[in-house]
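Bear in mind that the values here come from a model prediction, so they are computed numbers and not experimental data.
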Amino acid sequence: MLRLTAVTKRFGARTVLNAVSLELAAGEYVAVVGDSGIGKSTLLNVIAGLEPVDSGSICFFEREIEKLSDDALSLLRRDCFGFVFQAFHVLPHLSVEENVALPLLLRGTAAREKARQMLAAVGLKGREASPPRELSGGELQRVAIARALVGSPKLVLADEPTGNLDPENARQVLELFRHEVKSNGAAAILATHSVEAASGCDRMYRLNADGLKLS
């Protein structure tokens, strides 16, 4: 489904991704671990086409990401990708239900019932009309997971999704994330500095200055 071949990304004189290669099949859930600042977020960004690569190739269902137009990339992200961010990026002026429904609304498809089903799946039934300011950090992360999965994406990219949570909330969120990803038949990449967080994944890779290695 996803294949990275010798992907290199530089910022000025600094090489952030050094000939990174990775293959991911549908249904697989893998972790990329590494120290803060090593390039985990950059890796997710190049996979999503948010950052161009300097060399190498990224193929998603045999489509080369680096060769797609901006419009084609936008459509690909809208229709095939789900994103979970460390900072949640829940929109404060929308209700919980509206935040979760947003990916479907952008596609022009019916959204309310599916959003409510996904909120129930992540344990937030009854909070549909709540503004984000009334939710805890763990609840906000559940909203972010529901929003990432509501459109049945083929690939989910999660960037330090438990970085702002206490250990118990982090454990619950990771269990929920794995369950929902697997239930939806998506593939997922979890970028994290925590080996403990990565332990629930099918495989764990370590990113460092030399590239990406199976750990």
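Residues meeting the salt bridge (charged side-chain N to carboxylate O under 4.0 Å, His left out) test with E196, sequence neighbours left out: none. A158 pairs by the side chain to side chain contact (heavy atoms under 4.5 Å, CB included) definition with V84, P161, F177, L190, not counting sequence neighbours. Listed by chain and number, the residues in a side chain to side chain contact (heavy atoms under 4.5 Å, CB included) with E66 are V53, S57, I58, E64 (sequence neighbours excluded). Among residues two or more places apart in sequence or in another chain, the ring pair (Phe, Tyr, Trp, His ring centres under 6.0 Å) test is passed with F88 by none. Scored by the ring pair (Phe, Tyr, Trp, His ring centres under 6.0 Å) test, H179 finds no partners at all (sequence neighbours excluded).
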Please list every donor-acceptor pair under 3.5 Å in which a side-chain atom of residues 123-134 meets a protein atom from a residue at least two apart or in another chain.
unit_1 : atom_1 : unit_2 : atom_2 : d
R127   : NE     : S130   : OG     : 3.2
R127   : NH1    : E139   : OE2    : 3.2
R127   : NH2    : E134   : O      : 3.4
E128   : OE1    : G126   : N      : 3.0
E128   : OE2    : G126   : N      : 3.3
S130   : OG     : R127   : O      : 3.4

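Cluster annotation: V156 is connected to L119 through the hydrophobic network of ILVMFWY side chains, with a link wherever side-chain heavy atoms come within less than 4.5 Å. Under the 4.5 Å side-chain heavy-atom criterion for grouping Ile, Leu, Val, Met, Phe, Trp and Tyr, L76 is not connected to L104 through any hydrophobic cluster. L43 is connected to L2 through a chain of hydrophobic side-chain contacts under 4.5 Å among Ile, Leu, Val, Met, Phe, Trp and Tyr, so both are in one cluster. Linking ILVMFWY residues whenever their side-chain heavy atoms come closer than 4.5 Å, directly or via other members, leaves F83 and L176 in distinct clusters. Both M1 and V7 are assigned to one and the same hydrophobic cluster, defined by single-linkage of ILVMFWY side chains at heavy-atom distances under 4.5 Å.
Nearest heavy atom pair, residue V150 against residue K114, reads O-NZ, 2.9 Å. Between A148 and P153 the shortest heavy-atom distance is O-CG, 3.2 Å. The minimum heavy-atom distance between A19 and T8, with the atom names listed, is N-OG1, 3.1 Å.
Annotation: the span from L207 atom CG to L212 atom CG amounts to 5.5 Å, rounded to 0.5 Å. Rounded to the nearest 0.5 angstrom, F81 CZ and L73 CG are separated by 8.5 Å. Atom CD1 of residue I145 and atom CZ of residue R147 lie 11.0 Å apart, to the nearest 0.5 angstrom. Atom CG of L44 sits about 9.5 Å away from atom CG of L50, to the nearest 0.5 Å. Here L174 contributes atom CG and S199 contributes atom OG; the two are 8.0 Å apart, rounded to the nearest 0.5 Å. We find the CD-CZ distance between E97 and R112 to be 5.0 Å, quoted to the nearest 0.5 Å.
Here V33 sits in one hydrophobic cluster together with V195, M204; the rule is ILVMFWY side chains under 4.5 Å apart, joined directly or through other members. If you chain together ILVMFWY residues whose side-chain heavy atoms come under 4.5 Å of each other, L75 ends up in a group of its own.
Within the 4.5 Å cutoff, side-chain heavy atoms of L155 are placed close to those of I47. Using a 4.5 Å heavy-atom cutoff, the side chains of V16 and I38 are not in contact. Contact annotation: the side chain of R3 approaches that of T5 to within less than 4.5 Å [non-hydrogen atoms, C-beta and beyond]. Within the 4.5 Å cutoff, side-chain heavy atoms of V90 are placed close to those of V143. Under the 4.5 Å side-chain criterion, counting only non-hydrogen atoms from C-beta, K154 is in contact with F61.
A salt bridge (Lys or Arg N to Asp or Glu O under 4.0 Å) check over residues 173-187, counting only residues at least two apart or in different chains, returns the pairs R171-E175, R178-D202, K182-D202. The stretch residues 42-52 participates, sequence neighbours left out, in no side chain to side chain donor-acceptor pair (under 3.5 Å) pair at all. Counting only residues at least two apart or in different chains, side chain to side chain donor-acceptor pair (under 3.5 Å) contacts with residues 12-40 comprise E28-R203. Evaluation of the side chain to side chain donor-acceptor pair (under 3.5 Å) test over residues 98-109, restricted to residues two or more places apart or in two chains, returns S95-E98.
More than 12 heavy atoms of other shown residues, nucleotides or ligands fall within 6.0 angstrom of atom NZ in K9.
A side-chain donor-acceptor contact under 3.5 Å links D159 and S41.
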How far apart are the C-alpha atoms of F60 and C80, what are their side-chain angles, what is the distance that settles it, and do they pass the side chain to side chain contact (heavy atoms under 4.5 Å, CB included) test?
-> CA-CA 10 Å; F60 182 69; C80 297; 3.8 Å; yes

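No donor-acceptor distance shorter than 3.5 angstrom exists from the side chain of N184 to the backbone of A186, with no hydrogens or angles considered.
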